[in-house]
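Each chain gets a letter, A, B and so on, in the order its sequence line appears, and its residues count up from 1. Side chains included, hydrogens not; waters and symmetry mates left out as well; all remaining heavy atoms used.
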Amino acid sequence: MQARGQATAKFDPQAIAPALLDWYDAHARKLPWRRLPGEARQDPYRVWLSEVMLQQTTVAAVGPYFEKFTRLWPTVGDLAAADDGDVMAAWAGLGYYARARNLLACARAVAAMGGTFPDSEDGLRALPGLGEYTAAAVAAIAFGRRAVVVDANVERVIARLFAIDEPLPAGKAAIRLAAGQVTPEERAGDFAQAMMDLGATVCTARSPRCMLCPLREHCRALAEGAPERLPVKAARKAKPVRQGRAYWIEREGRVLLVRRPGRGMLGGMRALPDDGWSARGDGADAIGGEWRGGGVVRHGFTHFDLELQLMLCVQAEAASLPGLNDIEGEWWPVDEIEAAGLPTVFAKAARLAIAERIG
DNA sequence: CAGTCGTGGCT
DNA sequence: TAGCCAAGACT
């Protein structure tokens, strides 16, 4: 069964960290939130901010947002003092908006503690938006703590190294145990980042580049011949398609925008009025006036696909629209719609509306 | 445990 | 193309 001639005899958990750290010293990705050459340790604020942004989000997507946030709010105290709407608008397009709400709550909690982040895993874990992963990551990367950092990259690398084929999420316990066995006492932060670099560039989900892997001699899954098979994951449920309507109500070059409730789908974000496709309604569907269809926006969310029918009401005067006064909103200049901070689904709808109202 | 919660890129 | 996937947290 040793089709590729890899020696399982070399399987040695103690050899993994040194080999990986050597590889990291030579191949670490240079990322904006990593310490600069000569810096002993990374700024906890920047580590925390990047880790929250990177939750379920790619490095490429995070880059511009990290630059924007650190430019607008260089310290956790600056962020704590920021206006909620400004922060939500700055987050627009990055997704999972509960992260932005928790980000502000966390910044304010830290500010209330004197502006200094807790330096222990337990202390960090108690902050809003920091779960098991993020608390461990910040503790290790920013504070040099020996913490076992397990994200999807680490799960994949460990599942392959140890040939753990118990399906996730049930297999997380075994993976975490194994991760603890290979996490070094020193340089735990570098080790965590090395595991994630390896997972992102070499030990990838689809077609792992095992020929380039510094741990190939230590990998049971490779020795068994099919590393891409791991980790095993439970099948996903099919996504339903939901229908909805959004309303573009414009007069004198301004469009009516609303603020969505503070929790739930797109919570806290600026938006177009809609008919309740996301379990809410703002009354716009009851407005009388001259409406015309403006095309359909298709947008995929995590657990459903949306077909959003855009409705346009451009030339009517506000006073002539029965029911409009029932909506709490703001008239936003259409020319500056990019600055409104709309989530992507509504940004798509706005682009379509602007194209439609011209043609 | 299982559902909720975005988005863009890759295969 | 359609599905899969990503530095998860929260309820």
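- In terms of position along DNA chain C, the nucleotide closest to A:L54 lies nearer the 5' end than the nucleotide closest to the other residue of the pair A:L54 and A:L127.
- With both ends at atom P, the span from C:dT11 to B:dG6 equals 14 Å, rounded to whole Å.
- Residues A:W91 and A:Y65 keep their aromatic ring centres 6.0 Å or farther apart.
- Within the 4.0 angstrom heavy-atom criterion, no nucleotide atom of any strand lies near A:Q193.
- Among the atoms of the strands shown, none is found under 4.0 Å from any heavy atom of A:K348.
- Listed by residue number, there are no residues of residues 138-151 of chain A with a heavy-atom contact under 4.0 Å to DNA chain B.
- Base engagement by A:L31 is indicated by at least one non-hydrogen atom pair under 4.0 Å involving a base atom.
- Distances shorter than 4.0 Å separate some side-chain N or O of A:H303 from OP1 or OP2 on B:dC5.
- The cationic atom of A:R251 (NZ for Lys, CZ for Arg) lies less than 6.0 Å from the six-membered ring centre of A:W331 and within 45° of the ring axis.
- Donor-acceptor pairing under 3.5 Å is recorded for the side chains of A:Y133 and A:E51.
- At the phosphate of B:dG6, neither OP1 nor OP2 sits under 4.0 Å from any side-chain N or O atom of A:T344.
- One finds no side-chain N or O of A:R99 lying less than 4.0 angstrom from the OP1 or OP2 phosphate oxygen of C:dC10.
- Within 4.0 Å of A:S207, counting heavy atoms only, lies no atom of the nucleic acid at all.
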